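Read the numbers this way: they start at 1 and go in the same order the structure lists the ligands and their atoms. On a predicted model such as this, the values are computed, not experimentally measured, just so you know.
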Amino acid sequence: MSYFNRMKEFDYEQLVFCQDRTSGLRAIICIHDTTLGPALGGVRMYPYEREEDAVVDVLRLARGMTYKAAVSGLNLGGGKAVIIGDPTQDKTEALFRAFGRYIETLHGRYITAEDVGSSIQDMSYINMETDHVTGITVARGGSGDPSPVTARGVYNGIKACWNHKEGTSSLRGVTVAVQGLGHVGQHLCRLLHAEGANLIVTDVNERPMEEVVSECSARSVDPDEIYSVDCDVFAPCALGAVINDRTLEVLRCSVVAGAANNQLEEDRHGDELTKKGIIYAPDYVINAGGLMNVYEELAGYSQERAFKRVDHLFYTITSILETAKEKNIPSYLAADVVAERRLEEIRSISSIWANRTGTPVGR
Ligand code: NAD
């Protein structure tokens with residue numbers, strides 16, 4: 001399919017190819033939709049084998065960001081960028097500064113952030129060329145590591161799921177199985193432990209497991225065992241595609257709610273969860289704390305405001321679960337419905353306003 005036809009399929013606004021011979025930069029910026037505001041999304045650095053793979057990835061990720069911002073109630077559009085290269089070998093100041101200059105040419109239509117393969121240091125280089133960057137250091141007025149905020153959002157999402165199921169948001173005595181004790185997983189365990197939840201944890205690395213076991217009185221299991229443990233909530237905080245044909249056969253939880261991206265291997269696995277009566281918190285909704293955190297940078301960062309916003313995730317997840325129940329559809333689809341509803345509403349307000357006044361909304 002031609003790039004234009006691909007863009008037409010999901011109504012992408014802009015695809016920008018960036019090349020800089022001196023620094024070796026090869027990057028693609030994708031702006032999917034700016035109905036709600038400037039397109040914000042991280043820059044992923046990855047050694048794509050084919051240019052085609054980079055294009056497919058950036059298109060898919062940018063559209064995901066539109067939905068994530070829309071469902072989270074943020075005034076942001078969806079965008080993403082990819083840099084073709086190996087993050088362990090090809091990173092230079094010149095490369096990120098060249099990328100920053102391209103971002104500057106878009107005059108704020110695209111705002112970048114950290115993603116897989118990019119770091120806070122890279123954001124600082126980009127910031128030397130443009131202000132349209134988030135996730136910079138606290139010392140420079142940024143929000144720093146988003147993981148504690150993401151974890152807080154996941155914690156609120158788990159409470160919403162439990163409340164939907166049991167009529168109480170208290171997690172005292174509830175057993176949560178946490179897969180992955182990295183930046184998000186560890187913070188999540190602390191929050192759950194403080195509330196009196198029982199924890200079963202796993203990681204492929206021994207060290208974080210030992211820490212969490214002693215700090216949070218958790219029980220540790222081998223990585224393969226985590227899917228089949230007897231628990232109330234399974235919280236995937238490591239990998240994608242963990243809800244699949246194999247794991248669906250052994251899961252013994254009544255809620256799946258965690259930080260990992262793309263938890264469903266395929267949509268049909270979300271349908272299966274619903275059939276089994278397992279409540280699923282759509283991943284892109286429950287893990288939106290990181291996006292909310294960088295959003296708060298745009299108006300001058302305040303952690304208090306960021307926390308307030310992520311605490312609202314309790315109500316967002318509740319409303320999605322209620323929509324799913326009401327319409328008898330799986331929750332991942334209900335999340336898309338909520339996002340699309342907001343986009344359509346704002347699009348129609350914009351067009352009514354433009355027809356009446358001859359100017360776009362906000363001008
Ligand atoms: P991280 O890399 O710090 O932690 C991931 C942890 O998972 C590591 O400790 C790793 O050893 C462990 N792990 C890897 N494979 C495993 C396996 N097979 N079984 C058990 N453990 C395994 O990442 P993070 O920042 O904590 O993010 C966790 C997940 O949440 C990722 O999927 C990420 O994309 C997603 N996410 C993170 C944020 C954020 O703010 N950090 C925001 C949104 C989404």
Side-chain angles (χ1 to χ4, degrees), residues 40-46 57 60-61 64-65 67-69 71-72 74 80 87 113-120 123 134-135 142-158 176-192 199-213 218-229 234-244 246-247 250 256-265 281-297 303 306-307 309-310 313 317:
L40 194 153
V43 51
R44 182 165 288 197
M45 186 164 183
Y46 189 80
D57 213 23
R60 179 181 66 86
L61 294 165
M65 292 306 294
Y67 279 73
K68 190 169 191 151
V71 83
S72 305
L74 303 176
K80 204 88 183 181
E114 260 185 79
D115 199 79
V116 176
S118 62
S119 68
I120 210 164
M123 297 309 113
T134 58
S143 59
D145 179 12
S147 312
V149 191
T150 302
R152 190 173 168 123
V154 174
Y155 166 70
N156 277 296
I158 293 175
V176 186
V178 181
Q179 179 188 45
L181 304 172
H183 291 98
V184 179
Q186 284 198 26
H187 285 291
L188 177 64
C189 286
R190 287 187 198 115
L191 292 168
L192 292 167
L199 293 174
I200 304 173
V201 298
T202 196
D203 198 288
V204 286
N205 290 328
E206 282 295 322
R207 228 186 67 194
M209 277 225 278
E210 284 164 11
E211 277 171 27
V212 174
V213 163
R219 172 163 77 89
S220 66
V221 294
D222 286 340
D224 281 348
E225 264 182 77
I226 197 77
Y227 303 107
S228 56
V229 293
F234 171 49
C237 296
L239 315 160
V242 289
I243 307 299
N244 53 45
R246 192 175 53 83
T247 57
V250 297
V256 173
N261 280 312
N262 305 318
Q263 291 169 32
L264 305 175
E265 189 171 64
D283 46 15
Y284 75 81
V285 186
I286 194 170
N287 72 16
L291 178 64
M292 293 173 180
N293 201 45
V294 292
Y295 177 72
E296 289 301 338
E297 264 184 49
Q303 193 181 57
F307 277 0
R309 197 177 276 285
V310 289
L313 256 172
I317 296 279

At a non-hydrogen distance cut-off of under 4.0 Å, which region of Leu239 contacts ligand 1 (side chain, backbone, both, or neither)?
side chain

Proximal ligand 1 atoms for Ser147, defined as those under 4.0 Å from one of its heavy atoms:
40 (O), 41 (N)

Do Ile158 and Leu188 touch side chain to side chain, with heavy atoms closer than 4.5 Å?
yes

Restricting to heavy atoms, the pick from Gly182, Ala151, Gly180 nearest atom 4 (O) of ligand 1 would be Gly182

So, regarding Gly185 and ligand 1 (criterion: nitrogen or oxygen to nitrogen or oxygen, under 3.5 Å), is there a contact or not?
no

Main chain of Arg207, side chain of Asn205: is a donor-acceptor contact present, judged purely on distance under 3.5 Å?
no

Backbone N or O of Gly290 within a donor-acceptor pair of the Thr150 side chain at under 3.5 Å?
yes

Just need the protein heavy atom nearest to atom 27 (O) of ligand 1, so name the residue and atom and give the distance.
Val184 CG2, 3.9 Å

Proximal atoms of ligand 1 relative to Asn205 (non-hydrogen, under 4.0 Å)
11 (O)

With a 4.5 Å cut-off on side-chain heavy atoms, are Tyr284 and Asn261 touching?
no

Between the main-chain N or O of Val221 and the side-chain N or O of Thr202, is there a donor-acceptor pair closer than 3.5 Å?
yes

Out of Asp203, Ile226, Val116, Asn287, who is nearest to atom 21 (N) of ligand 1 when you count heavy atoms only?
Asp203

Using distance alone, determine whether Thr202 and ligand 1 share an N or O pair under 3.5 Å.
no

What's the shortest distance from atom 17 (C) of ligand 1 to any protein heavy atom, and which residue and atom give it?
Val204 CG1, 3.6 Å

So, Thr247 side chain and Val242 main chain: donor-acceptor pair closer than 3.5 Å or not?
yes

In the protein, what heavy atom is nearest to atom 2 (O) of ligand 1, and what distance, to one decimal place, separates them?
His183 ND1, 4.8 Å

Does the side chain of Leu313 come within less than 4.5 Å of Met292's, by heavy atoms?
yes

Of Asp203, Val178, Leu181, the one forming a side chain to side chain contact (heavy atoms under 4.5 Å, CB included) with Val212 is Leu181

Could you check whether any side-chain N or O of Gln179 sits under 3.5 Å from a backbone N or O of Ile226, counting only pairs where one atom can act as donor and the other as acceptor?
no

Got a protein heavy atom sitting under 4.0 Å from atom 30 (O) of ligand 1?
yes

Option set Gly290, Cys237, Ala259, criterion heavy-atom distance to atom 44 (C) of ligand 1, minimum:
Ala259

Of all the non-hydrogen atoms in the protein, which one sits nearest to atom 33 (C) of ligand 1, and at what distance?
Asn261 ND2, 4.1 Å

Between Ser118 and Asp115, a side-chain donor and acceptor under 3.5 Å:
no

Would atom 9 (O) of ligand 1 count as contacted, meaning some protein heavy atom under 4.0 Å?
yes

Of the protein's non-hydrogen atoms, which lies at the shortest distance from atom 7 (O) of ligand 1, and what is that distance?
Ala238 CB, 3.3 Å

Closest to atom 39 (C) of ligand 1 (heavy atoms only, candidates Thr150, Val149, Asn262, Asn293) is Thr150

